[in-house]
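Everything numeric here is computed off the predicted structure, so don't read it as measured data. Note on naming: letters A, B, ... go to the chains in the order of the sequence lines (proteins, then strands), and numbering restarts at 1 for each one.
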There are 2 protein chains.
Amino acid sequence: MQLRRADVLRGARELLDAEGLDGVTMRKLGAALNVQAGGLYWHFRSKQALLEAVAEDLLAGVAASPPAGPWDQRLVTLAHRLRQAMLGVRDGARLIAETFVTEPNTTLAGLTGMQILIDAGLPPEQAAWTMFAVAHYVLGHTIEEQAAGPDRAAKLAALAETGPDVRELAAAIAADPGRRFEFGLALVVDGIRVRLGPRTPADS
Amino acid sequence: MQLRRADVLRGARELLDAEGLDGVTMRKLGAALNVQAGGLYWHFRSKQALLEAVAEDLLAGVAASPPAGPWDQRLVTLAHRLRQAMLGVRDGARLIAETFVTEPNTTLAGLTGMQILIDAGLPPEQAAWTMFAVAHYVLGHTIEEQAAGPDRAAKLAALAETGPDVRELAAAIAADPGRRFEFGLALVVDGIRVRLGPRTPADS
DNA sequence: ACCTGAACACCGTTCAAGT
DNA sequence: ACCTGAACACCGTTCAAGT
């Protein structure tokens, strides 16, 4: 039976999850879908276009339903969803980083973040800039968190041996990523709060 | 005459600057150095090892001299240096992201950030976590900022046409990266200040 | 419309053998 | 010690031709 665009997308995502971004190959994907590698080019202009479609797909749930509550909670929810979306596949954050998408899911996620900050009281331009600051923190954190590497653990252990200060650094890398993410996110949110002035808790 | 490790490193960096990360190839590098691709493996265990050496090299200046002044200025200086180091080569931020280095330059940069925050009054564990939050913001920002892509401008222009709210978002992407970086960095620093309590301005 | 077969111009890595 | 030559097992992409 014939392959649909959605099948290729699903296959690519499964291959990504199984092999990582460097393991995604048009030939392997073809094999998984019982098709020659060249045949995939009927469905997608290029490998890059396929990866961008996977990236857009990955962000599907991020802003599908708008987060509710006070502005800080809404923003934290959105940031969580973004991280979770990227954690949804192996190398998801790297995929997002190496891709430039202007499709609905991606755009809506950005707009939603911006709107939350406008509702909180920021002028539109500041809201957009602030939204990107949050997004960049989330992206940077999640990329690092997903970076696998076989010798990572070994290097880290060796590093921890070299001194007490370096030990503290190594411990931070090895710490629970979820809690570390939360910590940094709260920091950024506090920074935003400063810009809103003192009468924020009363707003919705 | 013979090739030294440093020559390979310099060649790799120049090739990276000229062709981008995806254009760095053992064969092209060999050609640039008048050597067969296989010959490079005498100097470096693998392409990955070579890239990690380039990454470590890139961070040479970041913490070479410790930033001076009040803690917030010291931290901002360090963040600037980190961004500038990554901007020093094409795809520098992506290189740092795809690499896990525990060599002196990289480690010292991390330790310096942590020490600045300890001096500011944070307990060591918080200082380490905070340092990573800053680093992740810088990394995320600089990756996005360096993402080239030929159709980027076209996609962005098309996006700006689709509505006034999206226009604001597109404008933020197209804005001066230096100013945008500054804005987000100040946000993070304000967030840190909140955690230090009210008696900070008096400290050095 | 959707895919095959085959080719083109590449990759990273290994390793005997040369100097 | 440092590198060549040649091979191995791969890549993304194109495109005539098939169905």
Which value, in whole Å, describes the distance between the P atoms of nucleotides D/dC10 and C/dA9?
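Roughly 22 Å separates the two P atoms.
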
Proximity to DNA chain D (any heavy atom under 4.0 Å), residues of residues 91-99 of chain A only:
none

In the structure I gave you, are the side-chain heavy atoms of [X] and [Y] within less than 4.5 Å of one another anywhere?
X: B/L159; Y: B/L169; answer: no
X: B/T112; Y: B/V62; answer: no
X: B/V189; Y: B/W71; answer: yes
X: A/P124; Y: A/Q115; answer: no

Distance in angstrom units between [X] [atom1] and [N] [atom2], rounded:
X: B/Y41; N: C/dC11; atom1: OH; atom2: P; value: 12 Å
X: A/W42; N: C/dC3; atom1: CH2; atom2: C1'; value: 10 Å
X: B/L40; N: D/dC3; atom1: CG; atom2: P; value: 9 Å
X: B/Q36; N: C/dG12; atom1: CD; atom2: P; value: 14 Å
X: A/F44; N: C/dC3; atom1: CZ; atom2: C1'; value: 16 Å

Heavy-atom contacts under 4.0 Å between residues 18-35 of chain B and DNA chain C, which residues?
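Correct list: B/V24, B/T25, B/M26, B/R27, B/K28.
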
For a quick test of reading the model: is some side-chain N or O of B/H43 closer than 4.0 Å to OP1 or OP2 of D/dC3?
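Yes, within the criterion.
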
Measuring to OP1 and OP2 of C/dC2, would you say a side-chain N or O of A/Q2 lies under 4.0 angstrom away?
yes

Value rounded to 0.5 Å, distance of [atom1] in [X] from [atom2] in [Y]:
X: B/H80; Y: B/Q84; atom1: NE2; atom2: CD; result: 7.5 Å
X: A/F183; Y: B/F132; atom1: CZ; atom2: CZ; result: 12.0 Å
X: B/K155; Y: A/T102; atom1: NZ; atom2: OG1; result: 5.5 Å

A/R167, CZ: over 12 other non-hydrogen atoms inside 6.0 angstrom
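No, CZ of A/R167 has 12 or fewer neighbouring heavy atoms, counting only those of other groups under 6.0 Å.
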
Measuring from the side chain of A/A37 (C-beta onward, heavy atoms only), which nucleotide among D/dT13, D/dC3, C/dC3 has the closest atom?
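Nearest listed nucleotide: D/dT13.
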
For C/dT4, which nucleotide in any strand shown is its Watson-Crick or wobble partner with both distances under 3.5 Å?
D/dA16

Could you please name the partner base of C/dC11, counting Watson-Crick and G-U wobble pairs only when both distances are under 3.5 Å?
none

Is a donor on one side and an acceptor on the other found under 3.5 Å between the side chain of B/E144 and the backbone of A/H136?
no

